[in-house]
Amino acid sequence: MTSAPLTSAPEIISSLLDLTAWTVFDVDPEGRILAGNDESGSMQLVEIAPDGSRTQLTGLPSRCSGRYVPGTRTVVVQHDNGGDEQMQLSLLEITPGAAPATTGDLTPLVHDPAYKHDLADVSAGSVVFLTNRRDGVDFDVVVHDLATGTQTTLYDGGGYLVDAVASHDRRNVAITVLSSRPRSTQILVAGAADAAVTGTVTAADEHAHHTHVSWTAGDDALVMASDHEREHAAVVRVRTGADGAEGTTWETLVEAADHDLEVVLSPDGSAMVVGHHQDGVATLAVHEHDGTHRCDVTLPDTGVPTVVWAPDSSRFAVHLTASGDPGSIHLVDGTTGTATTLVDGRAQIPDGLPIALPTVHRVPTPDGEQIPCFVYRPATTDTPVAGASVVLVHGGPEGEATRLFSPVIQALAGAGFTVLVPNVRGSAGYGKRWVSLDDVDKRLDSVADLAALRAWLPELSLDPARSALWGGSYGGYMVLAGTTMQPDLWAAGVDIVGMSSLVTFLENTSEYRRAAREREYGSLEHHRDLLVAASPITHLDQLRAPLFVIHGANDPRVPLSEAEQIAAALADRGIRHELRVYHDEGHGLAKRANRKDAYPAAIEFLTEILGR
């Protein structure tokens, strides 16, 4: 800790990138929390005891996550290799005093590096996982018996599966699968034919998004957040009839007229935590199983929470990140909503480190829309980039910019930039209509929002001629699209794992992802002309802005070739650029060492170009 203000941009940036990020994975019956932090350089498992003491459980070469096996001191660890997202499952026995486990200390449970094995659910006797090992494309739901090692496939009907949760009697699983329409999911139940809820729960062709699915106490219905036949997601209880989705009954438990709700049902089905999601933050309340309000949850700040119930449903852990909080962990009483802080993320921020807090705005567009946007002002204007701005676009495209703590945003503001973080059309969090405004042939309407944001800069007393774009994944695509299709508007760009061609992206992405992405962008078979027109590389002859390009060599989503072809084209045209490839990373930078190499260099790149 230091009491003197940090004034130099490199010092500020370095301090921000050294802050530890936290998350929460599970809670055991004794109140221990299975958490994760990246203090060692990548996200590793850490156990927090009821008294607040911490024990690092893993020291793997890549980030990992996990769940407790109830009734034991065993953890199911989910891990990949260098960010390739080919998840493998292993067991770790927690031994007092043991050093953090390396790869050789884990007991393989489900291993085949050629395929994905995504952890979905864990009980005392079994592990449920999703895998594409049958054909490399379609996902199955498999139950692994921990005592015998026997594996039973409960679902092999195809599709890109998002989640699966077992019923209390372990006879069935509720499956969330991406449907054929953009920003839509379908709910299926597989298992015993005589169950109260069976087969197709929601229609495959409905434009609706269903999330956070759980079983009621008697396994006779499902509780979820859904925008079925409504603009904003509500908390609903769903039962199927004899004829499947056509006979399904929907009961609204909690709703709001102007914003989305989220829900996490307790293990015994007696209560639920409901999140009210508005403008990138959520407030929490506890409700009874029938929707009756029980209590509000009192947390130190308003931000982006993750909720995990304890097995006895008496309390729950909350991981909260807010604009001024890198990530805290609280244990909340399920009856009163009172929180006890176990990890205070704010305590690690050096006294002199400036933190920018956002203001919320609506930016008008020429066609009458309003773009939600968060603006982070720099702590000082006495910098070479005073009056310059960076528009930072989130990934997705069906993602959302939230008001969480971002070291990148804070580092840019610390360097003197004003940072605009918009939710351009096509973003989640603002209702069904807004998230649908960039689907397929509307793709370039989203790109046009960048021009509206740039035109609005004088309202903030900023110089439009000194504005850059920054984004990762779909945000990286938006950087490339903006700088190629709006060449007179942007002075520079930072592209992180972005797509330079929607055609080659879809041709070369992992097979299991292609159909899921085509529903949003358009298909190679039916929409190739649209994909070509919306591809930055098609408009490369217009590009004049210098670009800083960052990519992971093991990226299974956006192949490295997307970065290589844009860098080669820039080199051929003599345009200033830099390409940094990280051979131990996938879709983004998960390791602190790589972030500390890439991000300060990218910020210095922008400072040189946008400085006075």
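We count residues from 1, following the sequence as given. Source: prediction; values computed, not measured.
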Just how far is it from atom [atom1] of [X] to atom [atom2] of [Y], taken to the nearest 0.5 Å?
X      : Y      : atom1 : atom2 : value
Thr176 : Tyr160 : OG1   : OH    : 13.0 Å
Glu229 : Lys432 : CD    : NZ    : 8.0 Å
Phe139 : Phe129 : CZ    : CZ    : 12.0 Å
Thr302 : Asp325 : OG1   : CG    : 11.5 Å
Ser42  : Leu589 : OG    : CG    : 12.5 Å

Could you walk me through whether Phe25 and Val75 pass the side-chain contact (heavy atoms from CB on, under 4.5 Å) check?
-> CA-CA 11 Å; Phe25 299 118; Val75 173; over 6 Å; no
Grab the two heavy atoms, one from [X] and one from [Y], that are nearest each other, plus how far apart they are.
X      : Y      : value
Cys64  : Val77  : CB-CG1, 4.1 Å
Ala120 : Ala164 : CB-O, 3.3 Å
His551 : Val558 : NE2-O, 2.7 Å
Ser313 : Ser270 : CB-OG, 4.4 Å
Ser446 : Val424 : OG-CG2, 3.5 Å
His117 : Thr131 : CD2-OG1, 3.5 Å

Start with the C-alpha distance between His277 and Asp260, add both sets of side-chain angles, then the distance that settles side chain to side chain donor-acceptor pair (under 3.5 Å), and finish with yes or no.
-> CA-CA 5 Å; His277 191 95; Asp260 290 334; over 6 Å; no
Is the closest basic N to carboxylate O distance between [X] and [Y] below 4.0 Å?
X      : Y      : value
Asp584 : Lys591 : yes
Asp38  : Arg595 : yes
Glu47  : Arg73  : yes
Arg237 : Asp290 : no
Asp438 : Arg425 : no
Arg134 : Asp140 : yes
Arg239 : Asp220 : yes
Glu288 : Arg294 : yes

Do [X] and [Y] touch side chain to side chain, with heavy atoms closer than 4.5 Å?
X      : Y      : value
Val307 : Leu284 : yes
Arg517 : Pro397 : yes
Phe374 : Thr402 : no
Asp121 : Val127 : no
Gln56  : Leu45  : no
Phe316 : Ser266 : no
Leu222 : Thr216 : no
Tyr68  : Val122 : no

Verdict with supporting geometry, Asp439 and Arg183, salt bridge (charged side-chain N to carboxylate O under 4.0 Å, His left out) = CA-CA 9 Å; Asp439 294 346; Arg183 182 61 178 180; over 6 Å; no
Are any side-chain N or O atoms of [X] and backbone N or O atoms of [Y], one a donor and one an acceptor, separated by less than 3.5 Å?
X      : Y      : result
Gln88  : Gln86  : yes
Thr248 : Val201 : yes
Ser184 : Ala208 : yes
His319 : Trp22  : yes
Thr72  : Val69  : yes
Asn132 : Lys116 : yes
Thr321 : Phe405 : yes
Thr58  : Leu60  : no
Glu400 : Gly395 : no
Gln78  : Leu119 : yes

Aromatic ring pairing Tyr474/Tyr521, orientation class (parallel under 30°, perpendicular over 60°, tilted between) =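 Correct class here is tilted.
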Carefully, step by step, assess Arg557 and Ser473 under the rule side-chain contact (heavy atoms from CB on, under 4.5 Å).
-> CA-CA 9 Å; Arg557 305 188 190 193; Ser473 192; 5.9 Å; no
Dump the intermediate steps for side-chain contact (heavy atoms from CB on, under 4.5 Å) on Val236 and Met224, then the final yes or no.
-> CA-CA 6 Å; Val236 299; Met224 66 184 81; 3.6 Å; yes
Arg63, CZ: over 12 other non-hydrogen atoms inside 6.0 angstrom =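 For Arg63, atom CZ is not crowded (no more than 12 foreign heavy atoms under 6.0 Å).
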So does Gln278 have more than 12 non-hydrogen atoms from other groups sitting under 6.0 Å from CD?
->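 For Gln278, atom CD is crowded (more than 12 foreign heavy atoms under 6.0 Å).
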Between the side chains of [X] and [Y], is a donor N or O closer than 3.5 angstrom to an acceptor N or O?
X      : Y      : answer
Thr74  : Glu93  : yes
Thr153 : Gln151 : no
Asp145 : Thr148 : yes

Take Asp227 and His209 through the side chain to side chain donor-acceptor pair (under 3.5 Å) test and state the conclusion after the steps.
-> CA-CA 6 Å; Asp227 60 8; His209 192 59; over 6 Å; no
Tell me, with the steps shown, if His111 and His79 meet ring pair (Phe, Tyr, Trp, His ring centres under 6.0 Å).
-> CA-CA 10 Å; His111 275 216; His79 53 102; 5.6 Å; yes
Identified side chain to side chain donor-acceptor pair (under 3.5 Å) counterpart of His228 within the set His210, Glu206, His207 =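 Of the listed residues His210, Glu206, His207, the side chain to side chain donor-acceptor pair (under 3.5 Å) partner of His228 is Glu206.
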Compute the ring centroids of His293 and His287, then answer whether they are less than 6.0 Å apart.
->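 Distance test on ring centres: under 6.0 Å, yes.
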Salt bridge (charged side-chain N to carboxylate O under 4.0 Å, His left out) between Asp26 and Arg67: does it pass, once the steps are laid out?
-> CA-CA 6 Å; Asp26 208 352; Arg67 293 274 300 275; 3.4 Å; yes
Quick one: do Trp215 and Val189 satisfy side-chain contact (heavy atoms from CB on, under 4.5 Å)? Show the steps, please.
-> CA-CA 11 Å; Trp215 292 85; Val189 170; 3.9 Å; yes
